[in-house]
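Comments concern the structure below.
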Amino acid sequence: MNTTVAIILCAVLGFVVSALLGIVLVPWLHKLKFGQTILDIGPSWHKKKQGTPTMGGIMFIIATIAALLAVTLTDYFLGGHLVQGADLSGANANTKLWGGILMALGFAIIGFADDYIKVVKKRNLGLTEKQKTAAQLLVAVAYLASLHIANGTYMYIPFLGNIPLHPIVYYLFGIIVIYAATNAVNFTDGIDGLCGSVTMLAGACGGYLIWNWYPGKVMMGDTGSMFLGGMVVALAYSLDCPIILVPVGIIYVIEGGSVVIQRTYFKITKHKTGTGKRIFKMTPIHHGLEMSGWKETKIVFVFSAITILGGALGALLMYFG
């Protein structure tokens with residue numbers, strides 16, 4: 001199967017399956033009363049979203065896997081290769097493909113547990129930070145170990161080529177990248193249409209946005225945002241170039257960075273003066289912009305435009321580098 005045909009087919013299938021799933025899933029989540037709980041620390045106008053069904057990420061999770069399986073099986077029975085001239089039966093390719101999917105599903109399960117505790121057990125904060133961190137690190141290490149066994153320990157850097165890494169450096173760097181990226185994607189999920197738009201795993205996320213675009217009829221929840229975080233990381237590692245996440249995921253860097261800066265500055269000023277101070281009105285930064293008068297749709301549009309520029313820069317770096 002031609003690579004372009006495979007990509008288009010996967011995107012179309014993902015979009016259709018995700019969009020159609022919403023017809024069944026959204027009313028079902030309503031019936032189960034799996035509604036989002038809006039915390040008091042957020043913008044006051046978000047209270048109108050109280051009760052909006054969460055865990056909507058199930059839509060694009062199922063759609064992504066269904067589209068991938070359909071295209072892979074079709075290609076297999078046609079006797080072709082998704083990437084012409086390459087053998088996808090090798091350990092390296094299989095690990096990147098299925099190992100990446102399993103990692104994303106692992107993060108989705110962590111997110112689902114967090115969502116379940118929030119909406120069913122009525123514990124607003126879900127899993128504790130220690131519980132979530134421990135689970136995320138376990139998934140990250142398992143994924144890195146699979147890549148290590150199949151592919152060795154190196155990283156591709158544009159203009160420099162494949163750079164060998166000491167195993168300790170490889171694991172430490174990988175853990176930091178995976179942990180930071182998945183949580184940054186999670187931070188980005190805070191207003192209707194934002195996380196789905198700036199991530200846009202074309203097809204499945206597009207179908208989901210039909211239901212999540214402002215005013216959203218469903219939210220992806222940590223189930224969805226953690227899965228997207230895992231998929232973004234898997235795509236970067238499929239290129240052997242995790243640092244490509246900096247330009248391509250520039251919004252994640254900004255969102256996650258705003259949280260780290262805010263918390264660090266608050267702790268430092270509280271230690272020195274006894275009263276913590278803040279740099280931003282609120283974090284993640286999209287909430288700070290809301291507090292400054294930006295509408296949700298404007299934030300989504302601007303952040304998506306920035307993501308397009310970052311994605312173009314990333315593509316140019318990979319092509320010319």
Side-chain angles (χ1 to χ4, degrees), residues 1-26 28 55-112 139-140 142-151 178 182 185 196 199-212 220 223-241 244 248 311 315 318:
M1 182 185 293
N2 179 274
T3 305
T4 303
V5 174
I7 292 173
I8 294 174
L9 180 58
C10 203
V12 171
L13 284 173
F15 178 87
V16 172
V17 172
S18 185
L20 293 179
L21 275 174
I23 298 174
V24 177
L25 186 64
V26 174
W28 183 62
M55 299 190 195
I58 293 172
M59 293 159 57
F60 54 73
I61 293 174
I62 293 175
T64 298
I65 296 173
L68 179 62
L69 286 174
V71 172
T72 303
L73 289 173
T74 300
D75 184 72
Y76 174 79
F77 287 117
L78 290 176
H81 298 292
L82 289 176
V83 181
Q84 290 183 328
D87 183 4
L88 291 186
S89 63
N92 184 17
N94 263 324
T95 301
K96 287 180 177 178
L97 178 62
W98 302 112
I101 288 290
L102 289 174
M103 175 182 62
L105 286 175
F107 284 125
I109 291 171
I110 297 170
F112 178 83
V139 173
Y143 175 65
L144 289 170
S146 70
L147 291 179
H148 180 185
I149 294 170
N151 203 30
I178 295 173
T182 52
V185 174
T199 305
M200 187 52 78
L201 300 172
C205 281
Y208 164 76
L209 284 173
I210 291 177
W211 301 93
N212 181 243
M220 68 173 66
T223 304
S225 61
M226 294 292 285
F227 175 81
L228 290 182
M231 286 297 295
V232 166
V233 169
L235 289 171
Y237 268 98
S238 73
L239 300 172
D240 299 317
C241 187
I244 200 66
V248 173
M318 293 302 293

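Heavy-atom minimum distance, Ile61 versus Ala108: CD1-CB, 3.9 Å. Leu21 approaches Met59 most closely through the heavy-atom pair CD1-O, 3.5 Å. Contact between Thr182 and Gly229 at its shortest, heavy atoms only, is CG2-C, 3.6 Å. Here the closest non-hydrogen pair linking Gly100 and Ala234 is CA-CB, 3.6 Å. Among all heavy-atom pairs drawn from Ser225 and Val185, the shortest one is O-CG1, 3.5 Å.
Rounded to the nearest 0.5 angstrom, Leu69 CG and Cys10 SG are separated by 9.5 Å. Atoms CE and CE, from Met226 and Met103 in turn, are 11.0 Å apart once rounded to the nearest 0.5 Å. The CE atom of Met318 lies 5.5 Å from the CD1 atom of Ile244; values are rounded to the nearest 0.5 Å. Interatomic distance, Leu228 CG to Thr223 OG1, rounded to the nearest 0.5 Å: 11.0 Å.
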Per-pair distances, 0.1 Å, donor-acceptor, side chain in residues 13-20, under 3.5 Å, sequence neighbours excluded:
{"from": "Ser18", "atom 1": "OG", "to": "Ala204", "atom 2": "O", "distance (Å)": "2.9"}
{"from": "Ser18", "atom 1": "OG", "to": "Tyr208", "atom 2": "N", "distance (Å)": "3.2"}

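Between Met55 and Leu25 the shortest side-chain heavy-atom distance does not fall below 4.5 Å. Side-chain contact between Val139 and Ile110: present, with at least one pair of heavy atoms (C-beta onward) separated by less than 4.5 Å. Taking the side chain as every heavy atom from C-beta outward, Ile23 and Trp211 approach each other to under 4.5 Å. Between Leu144 and Ile178, the closest side-chain pair of non-hydrogen atoms falls below 4.5 Å. Looking only at side-chain heavy atoms (C-beta outward), Met231 and Ile101 come within less than 4.5 Å of each other. Contact annotation: the side chain of Leu105 approaches that of Ile65 to within less than 4.5 Å [non-hydrogen atoms, C-beta and beyond].
Counting heavy-atom neighbours within 6.0 Å of Trp98 CH2, excluding the residue itself, gives a total above 12.
Note: Phe60 and Phe227 have tilted aromatic rings, judged against thresholds of 30 and 60 degrees for the angle between ring planes.
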